[in-house]
Amino acid sequence: MHRGVLCPSCFCLSWSAFSVRALRTVSLFRSAVSSRVTVPSADAVGILQHVFGYPAFRGEQEAVIAEVLAGRDALVLMPTGGGKSLCYQIPAIALQRSGRGCSIVVSPLVALMHDQVGALREAGVAAAFLNSTLEQADADAVEQDLLAGRITLLYVAPERLTTPRFIHLLQRLHARGQLALFAIDEAHCVSQWGHDFRPEYRQLHILPQQFAGVPRLALTATADAITRQDIAERLQLQDARQFISSFDRPNIRYQIVEKRDPLAQLKRFIEDAHEDEAGIVYCQSRKRVEEVAQALVESGLHALPYHAGLPSSIRSEHQNRFLRDEGVVMVATIAFGMGIDKPDVRFVAHLDLPRNIESYYQETGRAGRDGAPADAWMAYGLQDVVNQRRMIDASPAEDDYKRVQTDKLDALLALAEATDCRRVRLLNYFGESAAPCQNCDNCLHPPEVWDATDVARKLLSTIYRVQQASTISFGAGHIMDVLRGKPTDKVQQFGHQAISTYGMGADMSEAQLRTVLRQLVATGALLVDAEKFNTLRLTEAARPILRGEQAVHLRQQAPSARRSRATRSSGVGGRVPVAAQSLDAASQARFAALKAWRSEVAHASNLPAFVIFHDSVLASIAAEAPETLAALRSISGVGDAKLERYGAEVLRVVACGATDERSL
Ligand code: ADP
Ligand code: ZN
């Protein structure tokens with residue numbers, strides 16, 4: 001880890017030397033105040049623009065920052081990619097500048113701290129981390145820097161934070177009035193109701209006990225009310241203001257397709273829309289992860305597997321390659337993803353149904369954090385419904401718990417079967433209302449709805465009659481054979497040719513019937529009995545359909561439409577980052593040159609490329625082709641430190657890219 005010195009004007013990390021001793025003297029004379037002192041928040045915009053190079057705040061950021069700078073606690077709920085980090089990074093810089101000392105960021109993401117700190121250092125901020133990956137000598141050096149007031153933001157893992165040694169260190173800082181803020185990232189880890197419970201987070205209750213007067217800012221992307229309440233209780237934030245942002249991610253396009261030949265469908269989806277782009281493919285089992293990764297590699301994609309069964313060295317190597325290399329497709333179980341703040345993940349694909357809408361939203365939320373267009377794509381079929389129902393039935397949990405899980409699954413199935421706007425449904429689930437989005441499959445290609453009442457009745461009555469005739473139940477395959485009039489061995493063995501519906505569905509394909517069965521299972525008219533070899537049983541909900549009292553309208557699966565990427569546009573909060581694909585030829589050439597340059601710089605500093613500049617920033621530079629430092633500085637994402645460090649080189653690359661293009 002490289003270390004630098006603080007610059008006198010803004011306490012940021014600067015590579016020019018100046019007197020650290022002078023700074024230390026100032027901090028030693030500071031009184032040991034622990035009362036909450038307000039720091040003017042006017043500086044916040046200046047820091048946003050100069051340090052981070054962004055022109056304006058997004059959503060609730062400004063309000064959260066003002067709250068923290070006023071010395072008050074806060075609880076922030078923002079979707080993934082909403083911009084939580086700036087909510088504590090900007091106050092930390094402002095507090096350090098006004099002599100309030102260091103801010104501590106508690107984060108469970110040990111493997112990612114190096115990159116997070118690297119990104120801050122690139123922006124010129126004096127950041128450091130302490131976790132088990134550091135050598136003792138480096139850890140000692142960080143502690144010394146901390147005590148000497150040389151650190152603005154310190155990232156620590158919760159288990160490190162709560163050691164007596166570290167608490168003692170913090171107490172020394174606190175006594176000198178040099179402990180500015182605690183930011184608790186991924187705060188849902190404190191709650192058993194959250195999906196990533198970490199017992200170490202429970203120890204964080206010592207923060208309010210031992211460090212009264214130091215504001216606590218808890219941040220999470222997990223929305224539900226029980227978790228929120230739990231966070232507030234555990235971290236004593238009952239009186240804190242809660243900032244709840246909209247959970248909408250307008251740049252993500254939701255698409256759910258019927259599963260036919262999932263691997264072929266996935267390959268087509270990637271080839272059509274995401275060639276050479278980074279993405280995540282989620283599968284349910286380790287075995288499936290291996291198979292899919294292998295198949296993608298065979299078809300020429302840069303794909304890697306990731307699951308809990310792989311040795312941790314392989315897992316971290318794959319994670320690093322995903323973060324550092326261009327266009328890697330990570331095929332993973334849900335073991336992969338928390339804290340992956342790679343901004344340019346262009347798609348998240350699900351080959352198996354997630355457990356519920358919360359998981360689906362969390363996982364798909366990893367796409368498009370940079371605000372540029374991204375896809376959430378899922379293939380879903382009858383077997384998914386059967387598997388998920390079976391998992392709930394087979395679990396040893398209490399009935400109440402199973403009921404909640406079943407309700408959650410039903411909500412997800414309703415989303416999958418929906419014929420109206422997916423986003424409206426998703427947001428409704430999180431308690432938000434919305435208008436149809438024009439950026440989901442159903443809005444863009446409204447599915448045709450067909451009257452499936454007749455087919456549904458035939459299927460249900462076949463199940464009913466087969467069961468009556470044989471007193472045992474049968475699975476979907478056999479039921480379809482009977483209805484389609486296929487004289488299989490089993491049909492003959494049980495004499496099912498005699499059933500009155502035998503052959504009545506001869507004009508239907510198996511795929512069509514399967515769609516109807518799936519939707520009958522999804523809507524609860526049919527039950528899949530997991531304990532009896534996935535046999536089908538009628539439920540009460542089937543009765544009105546059988547009697548002809550209830551019509552069944554189902555979605556007609558639209559043929560998968562090929563999409564032109566250039567026509568896509570949408571951005572978070574009106575911000576529309578330049579999509580690299582929409583650049584003209586000259587800009588494309590500059591973009592490619594800039595990426596090559598970035599990759600060299602990133603490699604030399606052992607950081608992921610996006611830490612140097614995001615794709616969207618490079619795309620804007622390529623499009624605008626600035627000729628002066630001032631013009632470059634006006635591009636969103638180019639802050640002072642980066643301008644000073646890379647400005648001249650970027651201008652040179654832009655100029656060369658342009659010349660190359662002209663000479664073509
Ligand atoms: P979260 O932690 O909420 O998932 P991040 O803090 O990682 O989100 O922010 C997501 C992305 O948005 C980052 O690339 C960040 O640099 C960018 N970002 C955050 N705030 C702004 C802003 N006000 N203007 C432009 N970009 C922003
Ligand atoms: Zn929509």
Side-chain angles (χ1 to χ4, degrees), residues 254-266 268-269 349-354 360 377-390 409-422 425 440-442 444-464 466 474-486 501 503-529 534-539 541-542 544-546 550-561:
Y254 299 97
Q255 197 184 347
I256 303 179
V257 303
E258 188 172 354
K259 199 187 270 188
R260 290 182 193 139
D261 179 356
L263 250 174
Q265 287 171 288
L266 175 70
R268 199 174 328 121
F269 162 72
H350 281 91
L351 276 190
D352 296 304
L353 197 66
Y360 173 73
W377 180 92
M378 176 160 82
Y380 138 94
L382 178 59
Q383 198 57 40
D384 284 301
V385 188
V386 172
N387 286 347
Q388 289 289 353
R389 292 244 190 264
R390 180 170 42 200
L409 175 60
D410 286 345
L412 179 63
L413 295 177
L415 172 76
E417 300 291 352
T419 51
D420 50 5
C421 176
R422 311 258 191 216
R425 288 194 173 239
C440 73
D441 51 359
N442 287 350
L444 294 168
H445 312 282
E448 280 180 32
V449 177
W450 64 292
D451 186 349
T453 313
D454 188 46
V455 184
R457 283 178 73 190
K458 283 178 184 159
L459 272 168
L460 294 175
S461 85
T462 306
I463 295 166
Y464 178 72
V466 157
F474 292 85
H478 182 68
I479 299 298
M480 291 189 291
D481 287 344
V482 174
L483 190 57
R484 295 178 69 216
K486 279 175 76 181
T501 54
M504 282 174 80
D507 55 333
M508 303 280 296
S509 71
E510 186 171 320
Q512 283 170 315
L513 290 179
R514 199 170 276 280
T515 307
V516 180
L517 275 177
R518 187 194 71 231
Q519 297 185 54
L520 288 171
V521 176
T523 53
L526 275 179
L527 205 77
V528 180
D529 196 336
N534 294 337
T535 53
L536 296 168
R537 272 195 290 129
L538 305 182
T539 69
I545 303 175
L546 267 170
Q550 188 184 319
V552 180
H553 289 106
L554 300 179
R555 62 179 291 142
Q556 186 90 273
Q557 210 62 40
S560 48

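Each residue takes its place number in the sequence, starting with 1. Scope of the values below: all heavy atoms of this structure, side chains included, with no hydrogens, waters or symmetry mates.
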Do you know the tightest heavy-atom contact between [X] and [Y]?
X    : Y    : result
I545 : R457 : O-CG, 3.1 Å
L351 : D384 : O-OD1, 4.5 Å
L554 : A452 : CD1-CB, 3.6 Å
A418 : N442 : O-ND2, 2.9 Å
Q512 : D507 : OE1-O, 4.3 Å
A525 : A541 : CA-CB, 4.0 Å

With the side chain counted from C-beta on, respond yes when [X] and [Y] share a heavy-atom pair under 4.5 Å apart, and no when they do not.
X    : Y    : answer
Y360 : L415 : yes
L536 : L520 : no
V552 : V516 : no
Q383 : V386 : yes
L353 : L409 : yes
I479 : L483 : no
Y380 : L412 : no

N/O donor-acceptor pair under 3.5 Å between T539 side chain and G524 backbone: yes
K458 vs M508, side chain to side chain contact (heavy atoms under 4.5 Å, CB included): CA-CA, chis, key distance, verdict: CA-CA 11 Å; K458 283 178 184 159; M508 303 280 296; over 6 Å; no
Set of residues satisfying side-chain hydrogen bond (donor to acceptor under 3.5 Å, both in side chains) with respect to T501, sequence neighbours excluded: T462
[X] [atom1] to [Y] [atom2] distance, which is reported to the nearest 0.5 Å:
X    : Y    : atom1 : atom2 : answer
I463 : L538 : CD1   : CG    : 5.5 Å
R260 : Q265 : CZ    : CD    : 6.5 Å
E510 : K486 : CD    : NZ    : 6.0 Å
R389 : L527 : CZ    : CG    : 7.0 Å

T523-E417 side chain donor-acceptor pair, cut-off 3.5 Å: no
Chi angles and distances behind the side chain to side chain contact (heavy atoms under 4.5 Å, CB included) call for Q519, L526: CA-CA 9 Å; Q519 297 185 54; L526 275 179; over 6 Å; no
Which residues share a ring pair (Phe, Tyr, Trp, His ring centres under 6.0 Å) with Y254, sequence neighbours left out: none
Worked verdict on H553 versus D451 for side chain to side chain contact (heavy atoms under 4.5 Å, CB included): CA-CA 5 Å; H553 289 106; D451 186 349; 4.0 Å; yes
